[in-house]
Amino acid sequence: MKRIVVGLSGGVDSSVAAYLLKQQGHDLVALFMVNWHERVGNITSACTWEEDALIAKMVAKKLDIPFHIVDLSKDYKKRVVDYMFAEYQSGRTPNPDVLCNREIKFDSFLEEALKFDADLVATGHYCRKTEIKKDGKTIHQLLAGKDPNKDQSYFLCQLNQKQLSKALFPVGDLLKPEVRDIARKMNLPTAERKDSQGICFVGKVDLPTFLQQKLIPKTGNVIEVPAKFMERKKQIELTEENYSKICFPFPYKPWNGEVIGEHQGAHFYTIGQRKGLNIGGYSEPLFVIGTDVHRNIIYVGEGKKHPGLYRPGLFIATEEMHWIREDLQLKVGEKKEFDVRIRYRQPLEKAIMHQTKGGVYILFKDEQRGITSGQFAAWYSGEELIGSGVIA
RNA sequence: UGACCCGUGGUGUAAUUGGCAACACAACUGAUUUUGGUUCAGUAGAGUCCAAGUUCGAGCCUUGGCGGGUCAA
């Protein structure tokens, strides 16, 4: 029996996680965290944290677990939301939920949880944890959830050994339908609740509206780059000397194409984006293939096969590298194959990672669509998440 | 100034050469998704530049305007 704090969110997953731990006879405390009060840009008028808290409390009561609430909104604002604005401002596309896990759930929240004298902190994430011994040291492994459709290990790709040592993921061995079934059988109030989506805790917001709190709209040009132009530019051999050309965003220039419309601010767009351009009349849809916040230009290409949408590799600077498995960190000059994904719910892709002095180059076996600065690349070895980093 | 061509939903095109307007893109809504995005489904939107005429019936034919373009002087 251990003393465990379980983070109840008001959703099914964490409820079932709590139930399972209770079944195993652990000494539980439920802790609900408030991360966001404001409702600017909210789409659903209802559904604020109060409702989630109420339901979480009902779950705790049903399971006969003491229930507490902790307000981490200050931290969340400072460590997640501000980061988000700053990233968009500088033309990158952040992943707030990865940060939320690293900075809040498994840091601020973890700290609060440990004040309850807990040995471990449990969440409803779909991922698994194991440990191995190596050179007499215990190493925690973060594995994908059993349900391939719900695996959330990607969102935890920035956790470190210390954080993992305290973490517990009780639903990681279950499939989502099984979790629902358990909730139904146990009559948990969350059994039929819809899965949360959108930026965690902020909720489902209209992102442009949300961003406009901080980012000022500014009219700029939309430039269409012909597919032929990029085809020519991409005729480069994938050799080490060319890494710097193929592993970074293509430096589009205004004269690489033609002005076909206007936008309200380059920092509101991301690579691969189709909706929101407000430009019609093409036989195939237009996709954003590049943004330039300094010149305030967005570059687009016609058709989902446009060469500007694909890249064979990416780069992660050394200071942005994170190894969950510190012991597997590559040395300068070393090359190794991993399975990599560059966004949530994307099939893993074979890639060679090549560590250099300034950072690591990741060369995919097949070109990847929509590689975006600011997003996280996460590399796996089979089911195990080995490390991650911010795409340059 | 003369000749010729064109004028259809927000945009780009289509309509068996007379029978009440289709497709794509955009937009909107929903589904999927604990980031952004992607993807999927559905909805709405023009009575065809204007005026007059031929016809049972015109976006398609005729005439005159208006607007845009090409060629010739």
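Convention: sequence-line order gives letters A, B, ...; per-chain numbering from 1.
Aromatic ring centroids of A:Phe85 and A:Phe210 lie under 6.0 Å apart.
Residues forming a side chain to side chain contact (heavy atoms under 4.5 Å, CB included) with A:Cys247 (at least two apart in sequence, or on another chain): A:Phe315, A:Tyr361, A:Leu363. Judged as a side chain to side chain donor-acceptor pair (under 3.5 Å), and not counting sequence neighbours, the contacts of A:Thr130 are A:Gln141.
Candidate nucleotides B:rU35, B:rG36, B:rA26 were compared by shortest atom distance to the side chain of A:Leu207, and B:rG36 ranks first. Of the candidate nucleotides B:rU35, B:rA26, B:rU34, B:rU35 has the atom lying nearest to any side-chain atom of A:Asn95.
Counting side-chain heavy-atom gaps under 4.5 Å among Ile, Leu, Val, Met, Phe, Trp and Tyr, the cluster of A:Val360 also holds A:Leu314, A:Ile316, A:Met321, A:Trp323, A:Leu328, A:Leu330, A:Phe338, A:Val340, A:Ile342, A:Met353, A:Ile362, A:Phe364, A:Ile371, A:Trp379, A:Ile386, A:Ile391.
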Contact pattern, 5' to 3', of nucleotides 6-12 of chain B - B, S or - by protein heavy atom under 4.0 Å: ----BBS
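The partner of B:rU11 is B:rA24, by the rule that a Watson-Crick or G-U pair needs both atom distances under 3.5 Å. With a cut-off of 3.5 Å on both Watson-Crick or G-U wobble distances, the partner of B:rU29 is given as B:rA41. Applying the Watson-Crick and G-U wobble criteria (two distances, each under 3.5 Å), B:rG67 pairs with B:rC6. Pair assignment for B:rU1: B:rA72, on the basis of Watson-Crick or G-U wobble contacts that are both within less than 3.5 Å. Pair assignment for B:rU16 gives none, since no Watson-Crick or G-U wobble pairing has each distance under 3.5 Å. Pairing partner, B:rG47: none, since no Watson-Crick or wobble contact has both distances short of 3.5 Å.
In the interface, the side chain of A:Lys105 is paired with the base of B:rU34 through a donor and an acceptor atom under 3.5 Å apart.
Distances shown here put a side-chain N or O of A:Tyr344 below 4.0 Å from the OP1 or OP2 atom of B:rU34. Applying the 4.0 Å criterion to OP1 and OP2 of B:rU34, one finds that A:Lys150 has a side-chain N or O inside that range.
Where A:Thr270 and A:Gly276 each meet RNA chain B at their nearest nucleotide, the meeting point lying more 5' is that of A:Gly276. Judged by closest nucleotide on RNA chain B, A:Pro96 is the one of A:Phe287 and A:Pro96 placed further toward the 5' end.
Nucleic acid contact class of A:Thr93 (heavy atoms, under 4.0 Å, all strands): base. At a threshold of 4.0 angstrom between heavy atoms, the contacts of A:Gly261 with the nucleic acid are absent. Contacts of A:Tyr88 with the nucleic acid, taken as non-hydrogen atoms under 4.0 Å apart, involve only primed sugar atoms and P, OP1 or OP2. Here A:Arg343 lies in heavy-atom contact (under 4.0 Å) with a base. Across all strands shown, A:Gln375 has heavy atoms under 4.0 Å from base atoms, whether or not it also approaches the sugar-phosphate.
Pairs of residues two or more places apart, or lying in two chains, never qualify as side-chain hydrogen bond (donor to acceptor under 3.5 Å, both in side chains) while including a residue from residues 309-321 of chain A.
Comparing B:rG37 with B:rC20, their P atoms are spaced 43 Å from each other, to the whole Å.
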Could you list, one pair per line, each protein nitrogen or oxygen that sits under 3.5 Å from a nitrogen or oxygen of nucleotides 45-49 of chain B, together with the distance?
none

